[in-house]
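This chain uses plain numbering: 1 for the first residue, then up along the sequence. Atoms within each ligand, like the ligands themselves, are counted from 1 in listed order.
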Amino acid sequence: MEYQFTKEFALKADESDPLKEFRKEFVFPQFKGTNCVYFTGNSLGLQAKKARQYANEEFDDWGTFGVEGHVESRRPWLHYHEFFTDSLAKIVGAKKTEVVAMNGLTTNLHLMMASFYRPAGKRVKIVCEGKAFPSDQYALRSQLRFHGLDASNLIEIEPDPITELISEDQVLEVLDTHADEIALVMLGGVNYYTGQLFNLEAITRKGKEIGAMVGWDLAHAAGNVILKLHDWDVDFAAWCGYKYLNSGPGGVSGVFVHEKHHDKPEIPRFEGWWGHDKRTRFVMPEDFVPIPTAEAWQLSNAPVFAMVPLLASLELFDKAGMEALRAKSERLTAYLDFVLAEVKAATGVPVKSLTPTNPVQRGSQISVVVPKVGRKVFDYLSKNGVMADWREPDVIRIAPVPMYNNFEDIFRFGELMIQSLNEIK
Ligand SMILES: *Cc1c(COP(=O)(O)O)cnc(C)c1O
């Protein structure tokens, strides 16, 4: 497609977008009576319109049935977590037995590490990316302390100081260098700051080759890029529901546990009654019998109201399909790159992107750097109806989400960038 930086082009591209109808299924924050340009779906996805209806239905059923709603309601609460399984399996490339929706992301990372970070002998180290998301750093360091180990056992792969990216060769090299000391490799699939997408398959393969466990934090990857966790032989993964998956603020997370780890009584696990064999759960025997699927890692019965928005959103993921979403995402981010180059040409300001330009190395997010006046530009955009995300010292994160963003959003963003730079510079 030959891109043009004109409104006419953007409207035409939107007209021929096979996913254009999905935008209408979401509630947008308003700016002067129209939808704002919402580019923060990587931080908090928008509300699917059906979410409110589904929440009301649960209020109705709770009112009507009381405790009987566990089995009598239209979506029986007893099985509520199961309503997410098929969709999540498709989104992360898993078997249905390998995924479950539960808890928050950091909680799930801890639960996964309780099972899969088992330091022993010389093999005690954890590999993660330098400048990992703070919650992941806290989780990893506290896991080390929990096992009586200090932070020197965390191998952080630092990004290149100029590009701020981490080369895949560097990751593979670190794994080779410390081959017999690494117990766990746990990286973010898509880096939250730079938008860099790692080659999960190659890194997982190397991790398995050296005899380590490999887990992925997919906070910025689930619902954003194509994942094949089962085929890639990933041991475990966890992700947030409220970013690309639109589960609402603090909404429910998901986990993947490879089937090779199911039904193994020797795997230690922090256990709760919702992980116990469904046939005898209510007999409440003393001994825990794990469900022979990822559901064994569940602790509590499902928080129905916290899960409702995710149900509404995953229906739309089922309809759209990850392949089509990813194809549109590639077109939108390529257009955003193009528009940024137009902004640079029109203003002479060396606006650049931290995010790799190769589509296999990124998802929907572009981290834009505007030297010196970044904060002012960000404030100008905010005042003019663009919701983006500011990261110190000079990065504006822009995520055109294929489910509900369009080419016109990107065109409007480009126009406002030019206006702001002409005023500010
Ligand atoms: C968003 C995000 C989190 C947030 O953790 P919660 O437990 O959901 O609050 C953690 N890690 C990464 C990499 C994230 O992007």
Taking distance alone, no hydrogens or angles, what donor-acceptor pairs closer than 3.5 Å link side-chain atoms of residues 265-275 to residues at least two apart or in another chain?
residue: R269; atom: NH1; partner: E271; partner atom: OE2; Å: 3.3

Residues that D263 engages under side-chain contact (heavy atoms from CB on, under 4.5 Å), provided they are two or more places apart | P292
So, the side chain of E98 versus the backbone of K95: is there a donor-acceptor pair under 3.5 Å, distance only?
-> yes
Close residues (non-hydrogen atom under 4.0 angstrom from ligand 1) work out to L105, T106, F133, D136, D217, A219, H220, C240, Y242, K243
List for me each residue that meets salt bridge (charged side-chain N to carboxylate O under 4.0 Å, His left out) alongside E342, sequence neighbours excluded, and say none if there are none.
-> none
Taking the side chain as C-beta and beyond, is there a heavy-atom pair between H261 and F236 under 4.5 Å?
-> no
Check: Q298 side chain, N103 main-chain N or O, donor-acceptor pair, under 3.5 Å | no
